[in-house]
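Following this message is one structure expressed as structure tokens.
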Amino acid sequence: MFKRLFEPISIGSITLKNRIIMPAISTNLAPLGTISQRMIDYHVARAKGGAGLIIFQSGLPIILASDSTLNADISVEELKSLAEPVKAAGAKIGIQFVHTGAQGIADFAGKELVAPSPIPCRISNKIPRALTIKEIARLSRQFTNSAQRAKNAGFDLVEIHGAHGYLISEFLSGYSNKRKDSYGGTYENMARFPCEIISQIKSKLGQDFTVGIRINGDDFAPGGITIEDAKSVVPYLIEAGADYISVSAGAYGALKTTIPPMMEKRGVYTALAEKIKKIAKVPVVTAGRINNPELAEEILEKGLADIIAMGRALIADPELPNKTKQKDLQNIRKCIACNQGCIDRINKTILPGKDDGKDSYVTCLVNPRAGRETELLLKPAKVKKKVLIAGGGPAGMEAARIAAQRGHTVTLLEKSDKLGGQLNLAAKIPFKKEIQEEIDYLSYQLKRKKVDTVLGKKADIKTINKLSPDVIIIATGSIPIVPDTGNNTIKTATAWDVLGDKADTNNNILIVGGGSVGLETAYYLVCREKKVTIVEQLKNFAMDMGPISRFYLRERLNAMGVTLMKLTKFIKTSDQGAIVEKNGKKNFIPGINTIVWAVGTTSDKTLADELKGKYEFFTIGDADKPENALSAIEQAHRIALAI
Ligand SMILES: Cc1cc2nc3c(=O)[nH]c(=O)nc-3n(C[C@H](O)[C@H](O)[C@H](O)COP(=O)(O)O)c2cc1C
Ligand code: SF4
């Protein structure tokens, strides 16, 4: 079992102890051009967890612009402060260099965007200036100088970021490279820039210094790189000295994203790596929703790739490699590809490194310690207490897990016959089934940590008095808001009733509320062959979702024929339909025969009100403030560390 995963592999002159690597992940754990202690701790945790190689995304040499005054200029000493502890923890350390090209954010800093040709970025529509040959040569030197600095700091390898639609990728793509000189026109010319960087680094730092490159197997964007293009440039990259090819996908404005959400299947981009592996004589890395060791092993076993990049899987559980080796598989906390704690937060920043300390750095919905490795230290409780947790949703379970781990005696009461709370509803949506993995993980942890879990038992004052706990954590969740339809002949239900299969709905449904719950419930209903219209008062739908998941969901709902009406207010129902209002004008939607409410929830404060002045208690999750699982689990984790 997992024989292939733990087989060493050589890339260039170095040998990785296993095939699991942490690919480059921008973290925003330090302002651009600096390294912070928590950035070090985050990387060291993944090295300690057993990954064979950690690739640090540095922002070097030139993330912002062609203007060198904006270079992210991390000193050798700072680089060392990260490389040394990662290596001491048993992993090899690599560093990725990127220039963001036309997809850059240089114009935010008042600098011009540069690219191979003046072709606008598909998202911003900003037109970059074409680089001159002299500037291309200068950039190659900057990559090489940065590589020198990394080598001096003890890095084992450098990776050139030639993927995801950034500058080097733009050279490799016929969409963005329209040059008529020696850098455009043929595959050899298009590959010239990365080839020059690789061969320059090799000749300056030594042929035995390991240099890899990450490329797209497919941009999945109109006119962008296809697998045939990728196959055509790979031989030139290898000829120039690339010691491995890391195959990724997606660019700005693509139909499939680099960081695939849970709507995509696991291992979604491995077929691209397989095609590159067939023609590459160096190791090939694959990434993209490989979130469990079984799939990773299968990919290696079938010879589809040589190395498995597990990005979010290692954010979610840095100990995944060690746990796999120890065959402690149930104990692995799986990435559910929600993107909420990681890329959605990173995407909120305008400038990389603009760290407001609150929500711009990488963390994880299922692992609040990610990015907070030192801050959220798990220490045994000084005074061991009898802790009662009221509610077995994600917040309650996380609080129970941590409190028990710290040595408290924990009882969890859940009024329903099932653990998981709202996660159970989310897991009903076909593309969110993997949420069940988080319910399973937390349920297993309660057993493992010997939490006395009682199902079908409501935490009321009588029960609490009997148990006489020292401290109570209230995680009783929230209650859906049910407005008045103005007509009681039409069927109504809440989105929760629908997802819980407790609603009796007719076939023509109006969902009131176009947040994520409304849109996901629409998806669920359309899968059951219902006709669905959604009204939303705001000008955008699902703004509580990250842009990647929102994009995928909107595409699906459009394809399924769901009618989405924005800036539209529900007024009332009549026997024949629903009356809504847009721009002060009333409209009638005929045929509506069921209303589904997705207008939010209110905290269930019943228990908190009852306990006031009688017990020490904390209220967490939706019971405190209805938000989402990301904030609920984090809050639960923090409270359980504090009691
Ligand atoms: C928060 C975040 C930041 C990322 N930053 C980078 C980056 O700077 N360079 C890069 O090549 N890939 C980056 N990626 C993409 C990952 O390396 C990886 O290819 C992607 O997440 C898919 O793999 P996974 O499903 O194992 O996470 C990033 C991904 C995430 C989630
Ligand atoms: S936040 Fe979601 S997608 Fe990101 S690592 Fe955690 S579970 Fe995975």
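Only a predicted model underlies this, so the values are computations on that prediction, with no experimental measurement involved. Just so you know, ligand 1 is whichever comes first in the structure, and atom 1 is the first atom listed for that ligand.
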Task: Within-4.5 Å side-chain heavy-atom neighbours: Ser443 and Met397 - done: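 Yes, their side chains come closer than 4.5 Å.
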- [ ] Evaluate side chain to side chain contact (heavy atoms under 4.5 Å, CB included) for Val247 paired with Thr286, printing each intermediate quantity in order.
- [x] CA-CA 5 Å; Val247 182; Thr286 180; 5.9 Å; no
Task: 2.8 Å cut-off met by an N, O or S atom of Cys364 to atom 6 (Fe) of ligand 2 - done: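 An N, O or S atom of Cys364 is closer than 2.8 Å to atom 6 (Fe) of ligand 2, so yes.
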TODO: Return a yes/no value for Ile259: is any of its N or O atoms, backbone included, closer than 3.5 angstrom to an N or O of ligand 1?
DONE: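 No: no nitrogen or oxygen of Ile259 is under 3.5 Å from one in ligand 1.
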- [ ] Find all atoms of ligand 1 within a distance of less than 4.0 Å from any non-hydrogen atom belonging to Gly311, and give their numbers and elements.
- [x]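 What qualifies from ligand 1 is 24 (P), 26 (O), 27 (O).
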Open item on the list: Could you tell me if the side chain of Phe143 sits less than 4.5 Å from the side chain of His99, heavy atoms only?
Closed with: yes
Task: Within reach of ligand 2, part of Ala337 (heavy-atom separation under 4.0 Å) - done: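 Ala337 to ligand 2: backbone contact only, side chain stays beyond 4.0 Å.
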- [ ] Measure the spacing between NZ of Lys17 and NZ of Lys325 and express it to the nearest 0.5 Å.
- [x]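 Atom-to-atom, Lys17:NZ and Lys325:NZ are 7.0 Å apart.
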- [ ] Tell me which one of Met22, Arg345, Arg289 gets a heavy atom nearest to atom 25 (O) of ligand 1.
- [x]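 The option holding the nearest heavy atom is Arg289.
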- [ ] Compute the shortest N/O to N/O distance between Ala24 and ligand 1 and return yes if it is under 3.5 Å, no if not.
- [x]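 Yes - when backbone and side-chain N and O of Ala24 are compared with those of ligand 1, one distance drops under 3.5 Å.
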- [ ] Output yes when the distance from some N or O of ligand 1 to some N or O of Glu159 is under 3.5 Å, and no in every other case.
- [x]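 No: no nitrogen or oxygen of Glu159 is under 3.5 Å from one in ligand 1.
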Open item on the list: Within the 4.5 Å heavy-atom criterion, are Leu157 and Tyr244 side-chain neighbours or not?
Closed with: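 Result yes, sub-4.5 Å side-chain heavy-atom pair found.
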Task: Nearest-0.5 Å distance that lies between atom CG in Leu304 and atom OG1 in Thr270 - done: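 With rounding to 0.5 Å, CG (Leu304) is 7.0 Å from OG1 (Thr270).
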TODO: Indicate, with yes or no, if the rings of Tyr361 and Tyr42 have centres closer together than 6.0 Å.
DONE: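 No, the ring of Tyr361 stays outside the 6.0 Å limit from the ring of Tyr42, centre to centre.
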Open item on the list: If the cut-off is 4.0 Å to any non-hydrogen atom of Gln96, which atoms of ligand 1 fall inside it?
Closed with: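 Contacts of ligand 1 toward Gln96, numbered from 1: 7 (C), 8 (O), 9 (N), 10 (C), 11 (O).
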Task: Which of the ligand 1 atoms, numbered from 1, are nearer than 4.0 Å to a heavy atom of His161 - done: 9 (N), 10 (C), 11 (O)
Open item on the list: So Glu555 and Met263, do their side chains get closer than 4.5 Å, heavy atoms only?
Closed with: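 Side chain of Met263 against side chain of Glu555, heavy atoms only: no contact under 4.5 Å found.
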Open item on the list: Quick check on contacts: which atoms of ligand 1 are under 4.0 angstrom from a heavy atom of Pro23?
Closed with: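 This gives 17 (O) as the contact atoms.
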Open item on the list: Counting only heavy atoms closer than 4.0 Å, does ligand 1 sit against the backbone of Arg312, its side chain, both, or neither?
Closed with: both
TODO: Would you give the length of the straight line joining atom CG of Leu519 to atom OG of Ser549, rounded to the nearest 0.5 angstrom?
DONE: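 The CG atom of Leu519 sits 12.0 Å away from the OG atom of Ser549.
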TODO: Identify, by atom number and element, the atoms of ligand 2 in contact range of Asn339, meaning under 4.0 Å from any of its heavy atoms.
DONE: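 Answer for ligand 2: 2 (Fe), 3 (S).
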Task: Met310: numbered ligand 1 atoms lying under 4.0 Å from its heavy atoms - done: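 Matching atoms, with element in brackets: 26 (O).
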Task: Identity and distance of the protein heavy atom lying nearest atom 7 (S) of ligand 2 - done: Ile336 N, 3.4 Å
Task: Element-labelled atoms of ligand 1 that are located less than 4.0 Å from some non-hydrogen atom of Thr258 - done: 20 (C), 22 (C)
Open item on the list: Measuring from atom 2 (Fe) of ligand 2, which candidate in Pro368, Cys338, Gly546 has the nearest non-hydrogen atom?
Closed with: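 Of the listed residues, Cys338 has the closest heavy atom.
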Task: N, O or S atom of Cys335 closer to atom 2 (Fe) of ligand 2 than 2.8 Å - done: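 No - counting backbone and side chain alike, Cys335 has no N, O or S atom under 2.8 Å.
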TODO: Would you tell me which option among Gly371, Ser26, Pro260 has the nearest heavy-atom contact to atom 4 (C) of ligand 1?
DONE: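 Checking each option, the heavy atom nearest atom 4 (C) of ligand 1 is found in Ser26.
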Open item on the list: With heavy-atom distances below 4.0 Å as the criterion, list the atoms of ligand 2 near Leu365.
Closed with: 1 (S), 6 (Fe)
Task: Closest approach of any protein heavy atom to atom 18 (C) of ligand 1, naming residue and atom - done: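 Of the protein heavy atoms, Arg214 NH2, 3.8 Å lies nearest.
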Open item on the list: Quick check on contacts: which atoms of ligand 1 are under 4.0 angstrom from a heavy atom of His164?
Closed with: 10 (C), 11 (O), 12 (N)
Open item on the list: More than 12 heavy atoms of other residues, nucleotides or ligands under 6.0 Å from NZ of Lys432: yes or no?
Closed with: yes
TODO: Number the atoms of ligand 1 from 1 as they appear, then name those within less than 4.0 Å of a heavy atom of Gln57, with their elements.
DONE: 7 (C), 8 (O), 9 (N)
